[in-house]
Amino acid sequence: GIQDERLYNYLDVIGDGGREAYRKMNSWDFFPYMPSYMIFYGALLLIQCRSAQASDLSWLFFIAMMCDIIETGTFNYAANQFPEHISATIVRAASI
């Protein structure tokens with residue numbers, strides 16, 4: 001995972017313009033990218049798992065998307081709060 005100080009060093013180095021571009025990229029990541037990959041790959045996995053009697057595996061991409069939302073949301077929040085620091089525990093947990 002990423003450490004708190006490395007995240008804030010990165011946010012400092014990219015400057016105001018970089019943080020703004022990062023926030024815009026995160027907006028695109030939340031929609032349409034995350035739901036698109038979850039639906040597309042989840043459907044493909046569900047089709048394959050049904051034939052193997054393992055349809056519970058089809059939840060894999062939903063769980064991955066939820067973890068991606070937590071990670072992206074946390075780092076976006078850190079960029080919005082910069083130069084103030086958010087909890088190092090939250091940064092560590094979101095980067096796992």
Side-chain angles (χ1 to χ4, degrees):
I2 191 168
Q3 287 120 11
D4 182 52
E5 286 306 312
R6 288 188 74 187
L7 172 63
Y8 286 99
N9 286 341
Y10 172 74
L11 292 174
D12 187 36
V13 168
I14 64 173
D16 291 335
R19 286 189 298 277
E20 180 62 28
Y22 180 74
R23 287 190 289 271
K24 287 179 181 177
M25 186 229 20
N26 278 339
S27 296
W28 184 86
D29 196 18
F30 276 120
F31 185 82
Y33 182 71
M34 281 187 217
S36 298
Y37 81 72
M38 192 273 298
I39 291 168
F40 179 74
Y41 290 116
L44 290 177
L45 189 59
L46 179 62
I47 291 167
Q48 293 301 312
C49 290
R50 279 192 176 164
S51 62
Q53 300 296 325
S55 61
D56 287 344
L57 282 177
S58 63
W59 286 95
L60 179 67
F61 284 101
F62 177 76
I63 293 167
M65 184 184 82
M66 296 310 296
C67 293
D68 200 7
I69 287 171
I70 292 167
E71 176 193 27
T72 302
T74 299
F75 295 151
N76 191 51
Y77 179 67
N80 285 333
Q81 297 301 309
F82 188 84
E84 299 297 320
H85 286 222
I86 63 172
S87 167
T89 304
I90 293 173
V91 171
R92 196 170 325 126
S95 67
I96 292 177

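Quantities reported herein were computed from a predicted structural model and do not represent experimental measurements.
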Taken to the nearest 0.5 Å, the spacing of Ser27 OG from Tyr33 OH works out to 16.0 Å

Quick check against the 3.5 Å criterion: does Arg23 have a side-chain atom that pairs as donor or acceptor with the backbone of Asn76? no

Show your reasoning for whether side-chain hydrogen bond (donor to acceptor under 3.5 Å, both in side chains) applies to Asp29 and Thr72. CA-CA 8 Å; Asp29 196 18; Thr72 302; 3.2 Å; yes

Keeping Asp68 on the side-chain end and Ala64 on the backbone end, is there a donor-acceptor pair under 3.5 Å? no

Atom of Ile14, atom of Arg19 and distance for their closest heavy-atom approach: CD1-N, 3.6 Å

Value rounded to 0.5 Å, distance of CE in Met38 from CG in Leu60: 12.0 Å

Kindly list each side-chain donor-acceptor pair under 3.5 angstrom involving residues 88-96, sequence neighbours excluded, with atom names and distances?
{"from": "Ser95", "atom 1": "OG", "to": "Ile2", "atom 2": "N", "distance (Å)": "3.0"}
{"from": "Ser95", "atom 1": "OG", "to": "Val91", "atom 2": "O", "distance (Å)": "3.3"}
{"from": "Ser95", "atom 1": "OG", "to": "Arg92", "atom 2": "O", "distance (Å)": "3.0"}

Met25 with Leu7, same ILVMFWY side-chain cluster at under 4.5 Å: yes

Atom pair CD1 (Ile69) and CG (Asn26), whose distance is rounded to the nearest 0.5 Å: 12.0 Å

Single-linkage hydrophobic cluster, 4.5 Å side-chain cutoff, Met34 and Phe61 together: yes

May I have all residue pairs that pass ring pair (Phe, Tyr, Trp, His ring centres under 6.0 Å) and include part of residues 62-96, sequence neighbours excluded? Tyr8-His85, Trp59-Phe62

Shared ILVMFWY cluster between Phe30 and Trp28, side chains joined below 4.5 angstrom? yes

Can you say whether the rings of Tyr10 and Tyr22 are parallel (under 30°), tilted (30 to 60°) or perpendicular (over 60°)? perpendicular

